[in-house]
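Step one of this worksheet: look at the structure below.
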Amino acid sequence: MNKKRIMIIDDDEDLSFIISDMLESYGYSVDCAADGDAAFELLSGNTYHLILLDINLPGTTGFELCKELRETSTVPVIFASARTNEGDRIQGFEIGGDDYLPKPYSMKELLARVNALIRRTYGFGDTEKKVSFGDVTVDTGARSVTKNGVPVSLSLREFDLLACLCLNANTAMSKEKLLSSVWGAFSTVEPSTLAVHIRWLREKLERDPAAPEYIKTVYKVGYMLEVKE
């Protein structure tokens, strides 16, 4: 099972360590950032399934960070803050927060909120499945690809891109959505990089890469994996 990845953005490093230790003990992968700059640096190179965000941060606020995040990403956000008045809670939801947890809170309640939001967003293991097209089989849970029963070697990015297309099979994915999902919400990767990775996947998986049957280009949108039901 692929671990869900969480980022904690909080300048209280002791609290972040405690939360991180607890979440990792329940099977999550966790990164921590103490300010907005550190958070954006992590977001530029990684994909996260959930963000736990404090409101009071050095040099900025969690509200401002969430606004900027929402310009490119729909990753679930839980605000966690000592600011508990109704106005702050409403503002948190209005700018794109998914939950608001007032400090102090118990680790048990935090875990319950995280688990619930992960389930609502990603389902109960629905993001792990086998997809077959032509003579290719992709197992997104095991991170394996075979062609005619023979393992196919893919780079980490190639597999993540293929998995994203598999999990959204028969749905046109915009270039922006694919870049955000695979390279990170704040990645500076150019669309040409995506095109190169698509070409590499076609060369490894299609019978005729120049006339792809499955990894299709969708005019003025992006790409789609076409799978016969």
Side-chain angles (χ1 to χ4, degrees), residues 1-85 87-125 127-128 156 160 164 179-189:
M1 174 176 158
N2 293 329
K3 286 186 177 181
K4 293 293 186 288
R5 194 166 190 177
I6 295 173
M7 186 197 295
I8 301 169
I9 308 174
D10 196 316
D11 62 345
D12 186 337
E13 295 184 11
D14 290 338
L15 177 60
S16 293
F17 176 80
I18 292 169
I19 296 172
S20 174
D21 189 55
M22 182 273 292
L23 290 173
E24 287 178 345
S25 73
Y26 282 92
Y28 292 105
S29 174
V30 184
D31 290 331
C32 299
D35 56 40
D37 289 342
F40 290 142
E41 187 172 342
L42 286 168
L43 285 163
S44 69
N46 301 285
T47 299
Y48 292 92
H49 298 92
L50 184 144
I51 293 176
L52 183 64
L53 178 58
D54 189 21
I55 293 176
N56 296 319
L57 295 169
T60 186
T61 67
F63 291 145
E64 291 301 320
L65 198 155
C66 186
K67 282 181 187 175
E68 192 165 349
L69 179 67
R70 282 294 175 255
E71 291 178 6
T72 57
S73 175
T74 58
V75 61
V77 172
I78 298 178
F79 282 109
S81 177
R83 292 165 58 167
T84 58
N85 66 71
D88 283 330
R89 293 200 304 274
I90 291 172
Q91 184 177 358
F93 287 116
E94 286 182 341
I95 63 174
D98 298 276
D99 202 349
Y100 196 107
L101 189 58
K103 291 181 178 178
Y105 50 77
S106 70
M107 291 297 106
K108 187 176 290 187
E109 180 177 10
L110 172 62
L111 179 64
R113 300 279 189 109
V114 167
N115 287 341
L117 189 49
I118 289 285
R119 285 197 302 267
R120 287 204 305 271
T121 307
Y122 305 104
F124 296 82
T127 56
E128 297 178 6
L156 290 175
D160 288 345
C164 188
L179 285 168
S180 174
S181 298
V182 177
W183 277 270
F186 289 89
S187 174
T188 56
V189 170

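Between Ile78 and Leu50 the shortest side-chain heavy-atom distance falls below 4.5 Å. The side-chain heavy atoms of Arg113 and Leu52, taken from C-beta on, include no pair separated by under 4.5 Å. Taking 4.5 Å as the limit, every side-chain heavy atom of Ser181 sits out of range of all side-chain heavy atoms of Thr47. Inter-residue side-chain proximity for Met7 and Leu43 is flagged as met; some heavy-atom pair is nearer than 4.5 Å. With a 4.5 Å cut-off on side-chain heavy atoms, Ile18 and Met107 count as touching.
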- Before giving the answer on side chain to side chain contact (heavy atoms under 4.5 Å, CB included), spell out for Leu69 and Val77 the whole-Å C-alpha distance, their side-chain angles and the decisive distance to 0.1 Å. CA-CA 10 Å; Leu69 179 67; Val77 172; 3.7 Å; yes
- Task: Verify salt bridge (Lys or Arg N to Asp or Glu O under 4.0 Å) between Lys67 and Glu71, making sure each step is shown before the conclusion.
- Result: CA-CA 7 Å; Lys67 282 181 187 175; Glu71 291 178 6; over 6 Å; no
- Just do the side chain to side chain contact (heavy atoms under 4.5 Å, CB included) check on Leu110 and Met22 with the steps written out, would you? CA-CA 10 Å; Leu110 172 62; Met22 182 273 292; 4.0 Å; yes
- Criterion side-chain hydrogen bond (donor to acceptor under 3.5 Å, both in side chains) on Tyr100 and Asp88, from CA distance to verdict: CA-CA 9 Å; Tyr100 196 107; Asp88 283 330; 4.7 Å; no
- Message: Using side chain to side chain contact (heavy atoms under 4.5 Å, CB included), reason through Phe63 and Arg83 one step at a time and then give a plain yes or no.
- Response: CA-CA 12 Å; Phe63 291 145; Arg83 292 165 58 167; 3.8 Å; yes
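A salt bridge links Asp98 with Arg70; the closest basic N to acidic carboxylate O contact falls under 4.0 Å. A salt bridge between Lys103 and Asp10 is present, with a side-chain N of the basic residue lying under 4.0 Å from a carboxylate O of the acidic one.
Side chain of Ser16 to backbone of Asp12: a donor-acceptor contact under 3.5 angstrom is found. Without hydrogens or angle criteria, His49 side chain to Arg5 main chain gives a donor-acceptor distance under 3.5 Å.
Other residues, nucleotides and ligands contribute more than 12 heavy atoms inside 6.0 Å of the CD atom of Glu24.
Ile6 contributes atom CD1, which lies 9.5 Å from atom CG of Leu117 (distance to the nearest 0.5 angstrom). The CD atom of Glu94 sits 12.0 Å away from the SG atom of Cys66 when rounded to the nearest 0.5 Å. The CG atom of Leu65 sits 11.5 Å away from the CD1 atom of Ile55 when rounded to the nearest 0.5 Å.
The heavy-atom pair separating Ala39 from Ile9 by the smallest distance is CB-CD1, 3.6 Å. Considering every non-hydrogen atom in both Val182 and Cys164, the closest pair reads CG2-CB, 4.2 Å. The two residues Ser20 and Cys32 make their nearest non-hydrogen contact at CB-SG, 4.1 Å. Residues Asp11 and Leu57 approach most closely at N-CD2, 4.1 Å, considering heavy atoms. Here the closest non-hydrogen pair linking Leu42 and Ala33 is CD1-CB, 4.1 Å. Tyr105 approaches Ala80 most closely through the heavy-atom pair CE2-CB, 3.9 Å.
Side-chain contact of Tyr26 with Asn115: a donor-acceptor pair under 3.5 Å is absent, judged by distance alone.
Aromatic pair Phe79/Phe93: ring centres not closer than 6.0 Å.
Exactly one of Asp21, Ile19, Leu23 qualifies for a side-chain contact (heavy atoms from CB on, under 4.5 Å) with Val30. That residue is Leu23.
In this structure Tyr28 satisfies the ring-ring contact (aromatic ring centres under 6.0 Å, His included) test with no other residue, sequence neighbours excluded.
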